[in-house]
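Structure first, commentary second.
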Amino acid sequence: YNVSDMKIITVIGSGLIGRSWAMLFVSGGYNVKIYDNQPGQSTKAITEIKKQLVELEEAHMLRGELSAAQQLALLSSYDDLSQALDGAFFVQECVFEQLEVKQSIFHDMERFVGKDVILSSSTSCLVPSKVFSKVQNRSRCLVSHPVNPPYYTAAAVMDTTHALMTKVGQAPVLLKKEIDGFALNRVQAAIIAESWRLVQVSVFWACGWGVVLRSQFFKALPTSSKVSHEYAFITFVFKCKKMLINI
Ligand code: NAD
């Protein structure tokens, strides 16, 4: 695939993450078809997205080259799975984080898409070998999460997904094999643990180092993981404050 020639992406599940992916893909100029198995839910999602796109535009924070109205015009909602998948080259699944639900939706999807269509999951902690266990052609499956790796995916599928994510302004990193937990969170945990140890042995003060972590280390990491970095930062400062109070 040349991702610039491809036009349609389907987002399955229109909760927080489905809406976020949809906004990201329209910012890159893609037509996005949103499907949810709760009737009317995908239509509500577009209403919600509209509010956010307008607010972002007013705040001069809208991504991409297109206006909010132009991005909104690229969105459509579906209560029917086969119609939602029609014409898509890439599908981003965003349903509940429950193994059976994900296995079942991927199994259903495969009936309606051609063999080259990329099936991508947003799973946060389920391993791909389980999520895609009911898919016949697994070489077109992968996890697209800021910190989760693809597994038995064909190289071309990873290349196309990498190009797509780059085109919509993400900073994708390819992982070579399946691993429990997120690679980025593992690295982040190591940094936090050593920082915490150095504070404990009085090498430096907690809050000053917390600011350094935030400004120098976390900013270099992918934007999409900002929330977890902020969480780690807050946890770090909270722990340090607790320790300082205990001194
Ligand atoms: P959510 O509960 O907000 O939304 C899930 C949506 O999926 C709902 O609208 C629901 O109606 C729909 N749905 C459920 N089963 C479906 C099915 N069979 N077919 C179609 N639609 C279905 O969940 P969320 O927070 O958006 O998370 C979605 C996925 O993204 C999860 O796998 C989650 O782990 C992952 N994720 C979440 C976050 C986060 O911070 N929330 C971050 C990264 C990844």
Side-chain angles (χ1 to χ4, degrees), residues 9-26 32-52 75-86 88 90-113 117-135 141-151 161 165 168-173 175 178-186 188 221-235:
I9 294 175
T10 301
V11 170
I12 305 286
S14 60
L16 177 69
I17 297 306
R19 295 195 301 269
S20 307
W21 275 119
M23 289 171 64
L24 189 65
F25 291 136
V26 292
V32 177
K33 301 170 88 172
I34 306 179
Y35 165 79
D36 200 291
N37 69 346
Q38 296 300 309
Q41 192 62 35
S42 52
T43 309
K44 280 192 204 150
I46 293 188
T47 307
E48 178 59 32
I49 290 172
K50 181 180 180 183
K51 271 192 230 155
Q52 292 191 39
L75 287 167
S76 53
S77 59
Y78 295 83
D79 291 341
D80 179 273
L81 183 60
S82 69
Q83 286 175 10
L85 292 169
D86 190 35
F90 188 93
V91 181
Q92 185 66 38
E93 166 276 313
C94 314
V95 303
F96 299 138
E97 186 75 355
Q98 289 168 13
L99 185 58
E100 300 73 28
V101 179
K102 293 209 189 272
Q103 285 175 334
S104 160
I105 190 74
F106 277 108
H107 179 255
D108 291 347
M109 273 188 239
E110 202 175 26
R111 293 187 291 133
F112 300 119
V113 295
V117 173
I118 296 174
L119 301 180
S120 172
S121 174
S122 299
T123 183
S124 290
C125 59
L126 302 169
V127 289
S129 48
K130 290 191 177 151
V131 170
F132 304 122
S133 64
K134 295 193 175 160
V135 176
C141 296
L142 81 170
V143 173
S144 298
H145 185 284
V147 285
N148 223 6
Y151 182 47
T161 307
M165 294 301 164
V168 296
Q170 297 295 91
V173 177
L175 272 73
E178 182 172 280
I179 184 173
D180 265 331
F182 300 147
L184 183 61
N185 289 148
R186 285 172 176 244
Q188 179 183 279
L221 296 169
T223 315
S224 44
S225 291
K226 206 161 185 260
V227 174
S228 66
H229 302 144
E230 288 296 306
Y231 175 73
F233 168 74
I234 290 163
T235 310

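Nothing here was measured: the structure is a model prediction, and the numbers come from that model. When a ligand or atom number is given, it counts from 1 through the structure's own listing order.
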Which of the numbered atoms in ligand 1 are under 4.0 angstrom from any heavy atom belonging to Gln38? 11 (O)
Under a 4.0 angstrom heavy-atom cut-off, which atoms of ligand 1 come close to Ser14? 6 (C), 9 (O)
Listed by chain and number, what are the salt bridge (Lys or Arg N to Asp or Glu O under 4.0 Å) partners of Lys102, not counting sequence neighbours? Glu93, Glu97
With no hydrogens and no angle check, do the side chains of Asp36 and Ser42 hold a donor and an acceptor under 3.5 Å apart? no
Which one of Ala45, Gly13, Ala84, Cys94 has a non-hydrogen atom at the shortest distance from atom 5 (C) of ligand 1? Cys94
Under 3.5 Å between any N/O of Glu93 and any N/O of ligand 1: does that happen in this structure? no
Close-contact set for ligand 1 against Ser122 heavy atoms, below 4.0 Å: 30 (O), 35 (C), 36 (N), 44 (C)
Can you sort out which atoms of ligand 1 are near Tyr35, meaning under 4.0 Å from one of its heavy atoms? 19 (N), 20 (C)
At under 4.0 Å between heavy atoms, which part of Asn37 makes contact with ligand 1: side chain, backbone, both or neither? both
All ring pair (Phe, Tyr, Trp, His ring centres under 6.0 Å) counterparts of Tyr78, not counting sequence neighbours: none
Quick one: which ligand 1 atoms are inside 4.0 Å of a heavy atom on Ser124? 33 (C), 34 (O), 35 (C), 36 (N), 37 (C), 43 (C), 44 (C)
Proximal ligand 1 atoms for Lys102, defined as those under 4.0 Å from one of its heavy atoms: 31 (C), 32 (O)
Any N/O pair Ile12/ligand 1 closer than 3.5 Å: no
Which of these, Leu81, Ile17, Asp79, has its nearest heavy atom closest to atom 40 (O) of ligand 1? Ile17
What heavy-atom pair brings Ile46 and Ser76 nearest, and what distance separates the two atoms? CD1-C, 3.5 Å
So the atoms of ligand 1 within less than 4.0 Å of a heavy atom of Ile105 turn out to be 19 (N)
For the residue pair Met109 and Ile12, what are the closest heavy atoms and their distance? CE-CG1, 4.0 Å
Which heavy atom of Tyr35 sits nearest to which heavy atom of Asp79, and what is that distance? CE1-O, 3.4 Å
Ligand 1 versus Val101: contacting region, heavy-atom distance under 4.0 Å: side chain
Between Val143 and Val131, is any pair of side-chain heavy atoms under 4.5 Å apart? no
Hey, does Phe90 have a side-chain heavy atom less than 4.5 Å from the side chain of Val117? no
Return yes if a side-chain donor-acceptor contact under 3.5 Å exists between Gln92 and Thr10, otherwise no. no
